[in-house]
Amino acid sequence: MEEKKPFVKINNISMWYPQKSKSLSQVIKREKQWVKAVDNVSLELQKGEILGVIGESGCGKSTLGRALARLEHPTQGDVFIDDVSTQNLIKQDQRKFRRTVQIVFQNPFDTFTPRDTIEKILMRPLKLHGIGKSEEERKQKCIDILESGGLKPAEEIMKRYPHELSGGQLQRISILRSMLFNPQFIIADEPVSMLDVSVRAEIINMLVTLSREKDATVVFISHDIALTRYISDKIAVMYLGKIIEYGDSETIINRPQHPYTQALISNTPSIDLDEIRETIKVEGEPPTPVNPGPGCYFAPRCFKATKNCFKHYPDTVELESGHLVSCSEI
């Protein structure tokens, strides 16, 4: 059977930030220190697929999302959408890139200009991109998309200012606004982490429904493993800027192979009430992202680490079809 060509190809994306030298010897030798927030991340996604990216706070998830959306220019690497380089696309036609790639942020209250009504907030990008032949047509498009997301009466909501709406309503509008251009690639960065538990399921279901209807490929960034399992087709586990395990959601949740993934899963409540999990405790804090290495970044905290783990960063191996792991002890 012929293998399907990936629709989104993330090719060796890195985000390195220079750190100012603090020691006199570094200043004299002019040694550059680099914070490797994202380090050589490569992933492939099919059309309409949802990829969950999980990991501890500070592991580089949000930085990866910003790099994919080109809110920051990667230190190296590129992203290809249907074989088209986004690096070249944003140089040649930034507006087309913004219609193709959209990002939904964590805090809905920081997403919108507080002095503008929802109508102005939704109408502005449509005008900017020349969508709609008239004000009436653009307004009707905004009304239709709000109502499709369960925001009724839409005409009344469009008259309101962001502070007059709840966080759940604002995040719905944020997601719906991202769909105005029928984007092919959406990055959702912790889109429900600041919302009440009571509205999270509604927002997530809306995001999934819209992505399925539009056949949009989604990167869903979260620290909530149970939620990521529910929404995602594939899961990538991130640790200190690197992807250390990747595969189908059920494979990652039920048969994790990397010690770090095993520890994460063991500390997550199971949806099976009869399942008994032995919690794996991970001692210590992640090492500094400033020039880490040379061995496995997780080795200082790993319960399975051997001397070899501290010498070389492990290669990525494929254990079964599509299940990739970076661990020398497997």
Report task. For A299 and F310, work out which heavy atoms get closest and say how close. Result -> O-CZ, 3.6 Å
Using distance only, find each side-chain donor-acceptor pair of residues 240-249 under 3.5 Å and give its atom names and separation, not counting sequence neighbours.
unit_1	atom_1	unit_2	atom_2	d
K242	NZ	D39	OD2	3.4
E245	OE1	Q257	N	3.4
E245	OE1	H258	N	3.0
E245	OE1	T261	OG1	2.8
E245	OE2	Q257	N	3.0
E245	OE2	H323	NE2	2.6
Y246	OH	E44	O	3.3
S249	OG	S232	O	2.7
S249	OG	D233	O	3.2

Query raised in the report: What do you reckon, are the aromatic ring centroids of Y313 and Y297 less than 6.0 Å apart?
Result: yes
Query raised in the report: Among all residues two or more places apart in sequence or in another chain, which pass the salt bridge (charged side-chain N to carboxylate O under 4.0 Å, His left out) test with E72?
Result: R66
**Report entry** F185: partners by ring pair (Phe, Tyr, Trp, His ring centres under 6.0 Å), with sequence neighbours left out
**Finding:** none
Requested in this report: State which residues pass side chain to side chain contact (heavy atoms under 4.5 Å, CB included) with T86; sequence neighbours excluded, sorted by chain then number.
Outcome: R70, D78, V79, I81, F97
Query raised in the report: Is W16 isolated, or which residues cluster with it under the ILVMFWY side-chain rule of less than 4.5 Å, directly or via members?
Result: W34
Report task. With sequence neighbours left out, write down each residue that passes salt bridge (charged side-chain N to carboxylate O under 4.0 Å, His left out) with R160, or none if nothing qualifies. Result -> none
Can you give the donor-acceptor pairs under 3.5 Å from side chains of residues 220-227 to other protein atoms, not counting sequence neighbours?
unit_1	atom_1	unit_2	atom_2	d
S222	OG	D224	N	2.9
H223	ND1	E190	OE1	3.2
H223	ND1	E190	OE2	3.1
D224	OD1	A226	N	3.2
D224	OD1	L227	N	3.0

Report task. Enumerate the residue pairs fulfilling salt bridge (charged side-chain N to carboxylate O under 4.0 Å, His left out) with a member in residues 96-124, sequence neighbours excluded, ordered by first and then second residue. Result -> D116-R124
Query raised in the report: salt bridge (charged side-chain N to carboxylate O under 4.0 Å, His left out) with D83: which residues, sequence neighbours excluded?
Result: K5
Can you list, pair by pair, the side-chain donor-acceptor contacts under 3.5 Å of residues 49-60, counting residues two or more places apart and other chains?
unit_1	atom_1	unit_2	atom_2	d
E49	OE1	Q46	N	3.1
E49	OE2	K234	NZ	3.3
E56	OE1	Y260	OH	3.3
E56	OE1	R301	NH1	3.2

Query raised in the report: According to the salt bridge (charged side-chain N to carboxylate O under 4.0 Å, His left out) rule, which pairs have a member within residues 137-156, sequence neighbours left out?
Result: E135-R138
Query raised in the report: Quick one: hydrophobic cluster around F303, which other residues, with the 4.5 Å side-chain cut-off, linked directly or via members?
Result: I280
**Report entry** Charged tip of K9 within 45° of F80 ring normal and under 6.0 Å
**Finding:** no
